[in-house]
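This report concerns only the one structure given below.
Sequence lines set the chain letters: A, B, ... in the order given, protein chains first and strands last, and positions in each chain run from 1.
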Amino acid sequence: MKIHEYQAKRLFAKYDIPIPEGGVAETPEEARKIAARLGVPVVVKAQVLVGGRGKAGGIRLSSNPDDAASCAAKILGMEIKGLTVKKVLIDEAADIQDELYLGVVLDRANRRVVMMGSSEGGVDIEEVAASTPEKIVRATIDPLLGLRDFQARELAYGIGLDKNVIRAFGVIAHSLYRAYMENDASLAEINPLVVTGDGKLLAVDGKMNIDDSGLFRHLNIEAMRDIGAEDESERHARAADLSYVELDGEIGCMVNGAGLAMATMDIVKLYGSEPANFLDIGGGAQAEKVAEALRIILRDPRVKAVLFNIFGGITRGDEVACGILEALEELDTDVPMVARIVGTRAEEGRQLLADAEMITAGSLRDAAQKAVAAARGELG
Amino acid sequence: MKIHEYQAKRLFAKYDIPIPEGGVAETPEEARKIAARLGVPVVVKAQVLVGGRGKAGGIRLSSNPDDAASCAAKILGMEIKGLTVKKVLIDEAADIQDELYLGVVLDRANRRVVMMGSSEGGVDIEEVAASTPEKIVRATIDPLLGLRDFQARELAYGIGLDKNVIRAFGVIAHSLYRAYMENDASLAEINPLVVTGDGKLLAVDGKMNIDDSGLFRHLNIEAMRDIGAEDESERHARAADLSYVELDGEIGCMVNGAGLAMATMDIVKLYGSEPANFLDIGGGAQAEKVAEALRIILRDPRVKAVLFNIFGGITRGDEVACGILEALEELDTDVPMVARIVGTRAEEGRQLLADAEMITAGSLRDAAQKAVAAARGELG
Amino acid sequence: MSILVDESTRLLVQGITGREGEFHTRQMVEYGTNVVAGVTPGRGGREVAGAPVFDTVAEAVDETGANASVIFVPARFAPDAILEAAAHNVPLIVCITEGIPALDMIDVTAFLETQAIHLVGPNCPGLITPGECKVGIIPGSVVQPGPVGIVSRSGTLTYEVIWALTERGIGQSTCVGIGGDPVNGLRFIQVLEMFEDDPQTEQIVLIGEIGGTAEERAADYIQEYVSKRVVAFVAGRTAPSGKRMGHAGAIISGGEGRAEDKIAAFEAVGVRVAEHPEQIADLIEEIRA
Amino acid sequence: MSILVDESTRLLVQGITGREGEFHTRQMVEYGTNVVAGVTPGRGGREVAGAPVFDTVAEAVDETGANASVIFVPARFAPDAILEAAAHNVPLIVCITEGIPALDMIDVTAFLETQAIHLVGPNCPGLITPGECKVGIIPGSVVQPGPVGIVSRSGTLTYEVIWALTERGIGQSTCVGIGGDPVNGLRFIQVLEMFEDDPQTEQIVLIGEIGGTAEERAADYIQEYVSKRVVAFVAGRTAPSGKRMGHAGAIISGGEGRAEDKIAAFEAVGVRVAEHPEQIADLIEEIRA
């Protein structure tokens, strides 16, 4: 789960990480008031759950409240990578002398949490990693020992920090590490971590992703979920306990199992089309869940054909078939559908669908080819 | 550092371990009021920083406030193993159906914390360990993983706990473990942990020792130190940063180094007398510290001779000699003293003392023999 | 021969009285797995599918000599279940449970690194040695004994591949689903090593997916240590960056985890990579021809 | 020969700019120890007794190839100092610092159990190979090279014993103070093993004290594995139960740790136990006669 910059920074502040004074506005007028209260030049920043807002014009400097309001007016409502900006953060503009990077991530290969620091803050850290990897210093954290003082010092000396901010940097490093660990984060970063003109450190931007599997023990973070800022179909899917990601193609896919769902997307592309979504109905899905999944797929107007790929194990082929038919009864759609059902009760399921005049397929290859053809109007 | 039963139990209660209602009294009248407030039969318990108060008559049952006051009157002022009782705990008497033991200790051999449970609560756990070791169940705690639920369950099933209290037992086990870890304890135990008539668990007695080395990060526990309940000389010694333990013998010992101090005590006994104390002046002791150490030794009226055993390394023989002479000037004592100084500046130190007509010795053997003779009035 | 499980496997089921635990216990027993015990705290004394249920793993292992455990308990209790089995030296622990927090698995796997214990999973379908022993949820109906070892991060995609092989009459030595979580127990490399050492296994199929760098490291390992022919498949060529594709581990992030890099890594060391699952069977057939 | 330290030791001093650190660095250099570097965060760039000071162990090891470290930093920073040296694979770490919380040392030693690193201490005088290398605070003036290996939980008591031997003209191979804390690094058993394997060492002196069961386990080990003659001393025959005798580890508690049990354990395996420190020299003399 992603949280907004302002939420991440407020969470960081609870761990005593210094952040700029600021406030969140949903209207230009609110933005004006916040800027007036701050009484200094401010930065107006789009709050969207996606990167690249800087390049999209979602971050603007303002020197006075009126200007802040007009910046907010320009940013609110803006579309950034398909998401609409509904909130802006108005932050006191920092007196930036130097920009650092500090982040905590999961190192899957070593099964360890890693803290990374860089003197190259304020830019995309992945670009730094690609172009000047020597500018990134890493500390691998032993789970028994946690982040140690000496590691924070090694990061500080490693990125060439001024002696007079090393202690403050160490405190922030420990705080960020605690924020990561105590909230089951999968990413926590401060970029940039700014050294101000008067020699202080300030977390000017913050980002935090939470491990979905850990959310059950962090109701405070679950409560931060910004329903309005998320894709609507993904929201419906989550409510139905379906794993769904919207894509740009035209073949809707419904599959049981994440790996098989990806393989199905891939084969759609292999045979000349593009998948409209990733959708995993999970193991042992019942008819109602299948119906809801189909409704979600068909909400996307770009979908020109639907491909069902069900490998029965725990999931029963006939159950899935019933769900499909149930959903179709109420949906009144003319999108062509291709069903491939293998495994447990596959024969029964296939028969049910064939009786309802749906296109069926034996192999995945066959199913993909038929779906692509159907989308082109060459079948059905 | 030891803390009182009532302090340990209040600390446990902060970790949600259920304890009896109660209060601490320093006078019979206070005891009466507490018993009246509780309005039920109570137990009046001596609060002393030493074991064996039960056998000494320091725990009494009372059925009414007047009786509680008279019990308190009997217990307050009582001497238990050389310590005077100055406080009593008045606790609601528990409806005891079963008595268990639950403790957390340091297993030095394995360098691990161990939780121990037993169905034989309410008695000395060391006796249980000696006579029926099979009645003690242990869980060794991995420092990476902490106490795990399955370990608490193994303890619960291992001591044959009723199914309906297993969950509550698990909660208490985790709480006690946290209390141990978060307070740098060296021992934390509930003995007995009572199963009440209505099937609840209750920590009727509690004990907690804190690792002195960890005290610096637990000011709340340092604040629990009951100065009045400690031996006065040991208190003076702690103030002077000396390591001192009062014993029953007649030869006062002043030594640099803990191991050498013990060896000095032992050789005193080997040559027919008994040491009056353990005293380590530590490394690099200055004159003032030596003088304070000598004052503490001479406060004990049983001391018939003093033995100085200084092996100079960091500690300088002449510094020690100066300290001794300084202290003697103001102390006006006729207790005979034997000095043995070896190592750094030993010759200078020995000469200073010899000039002051103190008995000096070359070997430890010689020094011990001379001290024993001096105590018997056979020397000096 | 085979790897990890066979006729000598004496299986313990943790969470045996739960809905999933009970269902799959019956399936495993039906397949012929020797399920010797179950554990559910507080349910000791019962029986499920003929297996006695105990309150603790300690008791279960003592009484039945179980030498493998499969875990079906809910995510928040699963780390503890793994550690309980490890504490009693169960040498093979298979955790089916999905949704265990990654930070919990860091602790668990760090602990297991110091033990001579294999953990398969979590969030995995388990493993099966056709005709001998099924531990987990891989459908027994799709497998048949034979020469191909399969190791996969996926569930149903694995069944798909197994089925494609079985349909062509190519059986399997052992099929191992190592799971789709970012932090897991056995990795590709360790399973590859086992297959390399297993006389029954003649070819190996490796099924990867986007996320992490396990496939790249497997490719390096294959070049250095694996003499048997390996065919690979990597799911997620069409997956976008930054979005989790179902499995907690299936996410392209930080410029890492893309299918094209993984495929390139395999091809660079001479591992043939199938374009779709059924093609794996084509490639294996070619190699065996 | 000798154990742990010799002429090839390249010593790093952590906390070199502190009062104790600087004083003992000079003493060590004077004795002939090759002190190659010091570390004090924030003090990089200075020099102490000719040794360059660095901000981090990483730099110090990189620049000087230090292969041993001695720690003089205050107790609350000492666990971190040990771990910093360990993180950079310094194979011998000697921690002089007294007063480290036992729970901290549990974590530190648990971590070191998985590393090929020797920790001596904490709360110890360090070690000395007479004529070659002194690491710590054992006075160089009391030792002389020779055939007796000494291992001890104590500080000045060790000097006393060394001095008694030296006065009789009996020199030492290496003297190791393992420290007086309840949770420490090297134990008697590991040092006994090293002395057993060291050709220079002909006899071994073991100096124990009340508290814990390290002496009992050493006695078992001696019976099983040590062919060289061992003379022991156990301090604290007159110590009462339940009172800490200076060292955090020197406390009789829970019916464990009494001197009489330790002495009985040694005598039961044929180890002669001296009644007072100087008698150790008598016993060694007898054995060597």
Side-chain angles (χ1 to χ4, degrees), chain A residues 98 100 102 104-105 107 109-119 133-178 180-182 195 199-201, chain D residues 12-17 37-46 52-63 66 69 71 73-90 93 95 97 100-101 103-115 117 119 183:
Chain A
D98 205 359
L100 315 170
L102 186 65
V104 185
V105 297
D107 174 355
N110 291 313
R111 298 191 289 216
R112 292 287 185 273
V113 170
V114 168
M115 180 168 270
M116 297 194 300
S118 176
S119 55
E134 74 282 1
K135 295 214 165 158
I136 297 182
V137 185
R138 278 160 219 272
T140 298
I141 297 166
D142 186 275
L144 164 63
L145 304 171
L147 177 71
R148 304 297 308 198
D149 286 345
F150 80 85
Q151 296 181 300
R153 280 199 304 271
E154 286 180 1
L155 285 170
Y157 286 108
I159 65 176
L161 216 56
D162 246 33
K163 288 213 172 186
N164 58 348
V165 290
I166 283 182
R167 188 176 296 264
F169 178 87
V171 172
I172 290 176
H174 281 287
S175 294
L176 189 65
Y177 173 68
R178 282 209 300 129
Y180 183 97
M181 298 302 288
E182 293 179 5
V195 185
K200 298 244 162 64
L201 291 174
Chain D
L12 161 69
V13 181
Q14 291 177 260
I16 195 168
T17 61
V39 166
T40 301
R43 303 286 164 87
R46 301 191 183 189
V53 178
F54 299 91
D55 290 314
T56 63
V57 170
E59 262 184 290
V61 169
D62 269 10
E63 301 271 329
S69 180
I71 293 172
V73 310
R76 69 182 73 189
F77 306 117
D80 203 60
I82 297 171
L83 294 169
E84 183 173 2
H88 298 285
N89 300 309
V90 176
I93 304 169
C95 185
T97 309
I100 302 177
L103 294 186
D104 288 2
M105 285 311 301
I106 287 180
D107 288 352
V108 169
T109 55
F111 177 75
L112 292 177
E113 279 165 19
T114 65
Q115 314 283 313
I117 287 172
L119 170 67
V183 180

message = Taking side chain as everything from C-beta outward and backbone as N, CA, C, O, which of these in D:A81 sits under 4.5 Å from a heavy atom of chain A? Side chain, backbone, both or neither.
response = neither
Within-4.5 Å side-chain heavy-atom neighbours: A:Q151 and D:L83 = no
ask   = How many angstroms lie between atom NE2 of D:H88 and atom CZ of A:F150, to the nearest 0.5 angstrom?
value = 5.5 Å
key: D:P41 versus A:Y157, closest heavy-atom pair with distance   = C-OH, 3.8 Å
What pairs of donor and acceptor atoms, side-chain ones from residues 142-149 of chain A against any protein atom, are under 3.5 angstrom apart with sequence neighbours left out?
{"unit_1": "A:D142", "atom_1": "OD1", "unit_2": "A:L144", "atom_2": "N", "d": "2.9"}
{"unit_1": "A:D142", "atom_1": "OD1", "unit_2": "A:L145", "atom_2": "N", "d": "3.4"}
{"unit_1": "A:R148", "atom_1": "NE", "unit_2": "D:D80", "atom_2": "OD1", "d": "3.2"}
{"unit_1": "A:D149", "atom_1": "OD1", "unit_2": "A:H174", "atom_2": "NE2", "d": "2.7"}

Spacing of CZ belonging to A:R153 relative to OG1 belonging to D:T56, to within rounding of 0.5 Å = 8.5 Å
message = So which atom in A:K163 and which in D:R43 form the shortest heavy-atom distance, rounded to 0.1 Å?
response = NZ-N, 4.4 Å
